[in-house]
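Read through the structure below, which is laid out as structure tokens, and then see the notes.
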There are 2 protein chains.
Amino acid sequence: MKITIKEIAKLANVSMTTVSNVMNNRTNKVSQETIDKINNIIKEYNYTPNMNAKALVNSSSKLIGLLFYTEQEIYNFNDPFAGQLLEGIETISRKENYFVLIQTINSVDDIGVIRNNWQFSGFIGVGFKQQTMLEAMEIIQEPITFIDTYYDEIKLKEFKDKENLYFVRSDDKKIAHDLVSHLVDRGHRDIAFLTYRVNLKEHGVIQERLAGYRDGLVAHDLGFDSKLVFYNDQLDQVIENINHYSAIIVTADLLAIQLISQLKEQGFSVPDDCSVISFDNIQFSELISPKLTTMNLFQNVKGEVALGQIMVPIKGTPKENIQQTIIMDGELEVRESVKQM
Amino acid sequence: MKITIKEIAKLANVSMTTVSNVMNNRTNKVSQETIDKINNIIKEYNYTPNMNAKALVNSSSKLIGLLFYTEQEIYNFNDPFAGQLLEGIETISRKENYFVLIQTINSVDDIGVIRNNWQFSGFIGVGFKQQTMLEAMEIIQEPITFIDTYYDEIKLKEFKDKENLYFVRSDDKKIAHDLVSHLVDRGHRDIAFLTYRVNLKEHGVIQERLAGYRDGLVAHDLGFDSKLVFYNDQLDQVIENINHYSAIIVTADLLAIQLISQLKEQGFSVPDDCSVISFDNIQFSELISPKLTTMNLFQNVKGEVALGQIMVPIKGTPKENIQQTIIMDGELEVRESVKQM
DNA sequence: CTGTTAGCGCTTTCAT
DNA sequence: ATGAAAGCGCTAACAG
């Protein structure tokens, strides 16, 4: 049933070495006859190698560890972000014949354990903050791409020489800035900002978007007013203050949809009473009314890129043109939730 | 750095066997002193076993293969279903110290390959139809749970004796029936049905729901009218015929939201002109307006149950009370999209 | 109570 | 051009 190299060797009347050589295309020193014979047997018996044995002897398997860092017990896979990422990662891993092991982790120590358990070829880290990323790097030697992790520029220098370390993220600051510009183009001058509650001390996606919002306002000679920055637990205040702005930037479609729903309940109309623009371009954004004007972040591509990055050192292909940090732009999907003033 | 049993044995001045015994709690024949000594070393050096070596010698690893069957190139992980399932599966796998390898497969042959590659302890199959399930079973010997796969009752008999085969699904027929009953309770008598286009010959979730819809109508002395069954590519017809029904059952929140959005655009109001009730209870269903009355299917629990099922034979715990097929009920979330007539 | 040993399936020198 | 043999880290007889 489960055939091994040894048996193939016996069937072909050759040694295991030869079989191994043929399988790994080290055929320069094998006669064509033998090659064909072996290949036929492999096909006939549907032979596929035992990855555990391979991993054991090579001390490296065809495994990619997909690490979801979270303080929660389990990462929130409901988030469309996770799904899109997975789709991109699966696309590449299948193409490259690698395998993806998913793991939610709550502490950096978890990484050490799982890393010892399996000999991963590389990792993709999601949900890491600068601090946890730094700690993770102490442990992980294999190539790793961190998705959406921001780091201080000062730290960047130390990373520069660090091999096997990659980053992929959106250009959140620029994208937020673009959102402001779009609203300004449409005649808006009073622009609010709504986001999830986060620790503003930490460097992350939200902080960057906030900074981009601020930059955008300044660039368009509009003042930044901290009273126009709201958090998801203040939706009532957002609505109370609706007269103080004509448009609002929301850092997630989900939150935007929630807001719109509340606004409607209170008798307000979008975009007439208030324009809404957001991030994500999730599937739903064009199913609701009004259809959301939102920023497509191409999270599936992000997944593809993330795995693509580490595949370079993993496969040992020359890495001349590879960048350590890939910053992706977004693409605005202009739909109905922003009004021309 | 990466310490092995051999080295632990040396450090503890014992043999590898003893170390192995201690690690696997076969401590009945080891002195407490030795146990402590070994455990301390393990802790000190942060030792964790090499799973590949273990898998090789045991011909079974702590891997669960999560197989997503699809005709597409990549499974649609965007679907909230996949995320919820994953969440449930991860919850249990973490608890049990097992690892989840995700794989999209396009044909049953793919299973053979991946199964040879790694020695899985068990599998969870998603997206399998009866035919592909049957084929998969020919190949897979390990415990497997199929999620949401329906099979003919005739075939059931053959399965009865089949070890290691489990099913988890919702009671789709009963749930659809319940939906009809709820609508009838609310005074509706003309009830339409909207679903995704599927092959009606195949036995699956949609077919069951359709049957339940039919049963429900009959049970309430309402006639079944095939003209009131619509498919997702006929949304315009759904709306054209709006006078022929007062409520519509939609087999997915996503589709329901799409419909509502279209209805609104055409100037209709939900639930006043048409009540809508659906399946899934996705996160969005209570963020939109009107808030969706929908059936919670507990897909995350489904994931937990699926893995729980196969963990029984995997861990070799006595499986007296285990059922081969677990059928889960839903729970109606009554919100705003159904009108009291 | 502890150690010796063979072997899981594969790769890789080193011979021939 | 092909083969023999050692060894990756671990487990499980079997011996003592």
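Labels below follow one simple rule: chain letters A, B, ... track the order of the sequence lines, proteins then strands, and each chain is numbered from 1. We use all heavy atoms of the structure for the numbers below, so side chains are in, but hydrogens, waters and symmetry mates are not.
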N/O (side chain, [X]) to phosphate O (OP1/OP2, [N]) under 4.0 Å:
X: B/S20; N: D/dA12; value: no
X: B/Y47; N: D/dC10; value: yes
X: A/T17; N: C/dT12; value: no
X: A/K54; N: C/dG9; value: no
X: B/N52; N: D/dC8; value: no
X: B/T18; N: C/dG3; value: yes

If you go through the side-chain atoms of B/T34, does one of them form a donor-acceptor pair with the base of C/dT2 closer than 3.5 Å? no

Counting side-chain heavy atoms from CB outward, which of D/dT11, C/dG9, C/dC10 is closest to A/M16? C/dC10

Testing D/dG9, C/dT2, C/dT11 for proximity to the side chain of B/S15, the answer is C/dT2

Ignoring hydrogens, what is the shortest heavy-atom contact between [X] and [Y]? Give both atom names and the distance.
X: A/F167; Y: A/T149; answer: CD2-O, 3.9 Å
X: B/L307; Y: B/S93; answer: CD2-N, 3.5 Å
X: A/K54; Y: A/P49; answer: CD-CB, 4.0 Å

B/V14 or A/T48: which one's nearest nucleotide on DNA chain C is closer to the 5' end? B/V14

Could you check whether [X] gets within reach of a base, just the sugar-phosphate, or nothing at all, counting any heavy atom under 4.0 Å?
X: B/V57; result: base
X: B/I5; result: sugar-phosphate
X: B/N13; result: sugar-phosphate

Figure out the [atom1]/[atom2] separation between [X] and [N], and round it to whole Å.
X: B/K6; N: C/dT2; atom1: NZ; atom2: P; result: 21 Å
X: B/L56; N: C/dA6; atom1: CG; atom2: P; result: 18 Å
X: B/K62; N: D/dG9; atom1: NZ; atom2: P; result: 21 Å
X: A/N58; N: D/dC8; atom1: CG; atom2: P; result: 13 Å
X: B/N116; N: C/dC10; atom1: CG; atom2: C1'; result: 14 Å
X: B/N117; N: C/dG9; atom1: CG; atom2: P; result: 14 Å
X: A/N50; N: D/dG9; atom1: CG; atom2: P; result: 16 Å
X: B/Q119; N: C/dG9; atom1: CD; atom2: C1'; result: 9 Å

For the pair A/F99 and B/W118, name the ring-plane relationship: parallel under 30°, tilted 30 to 60°, perpendicular over 60°. perpendicular

dist A/T132:OG1 -> A/N106:CG (nearest 0.5 Å) comes out at 12.0 Å

Decide whether A/N50 and B/Q119 meet the rule of one side-chain donor and one side-chain acceptor closer than 3.5 Å. yes

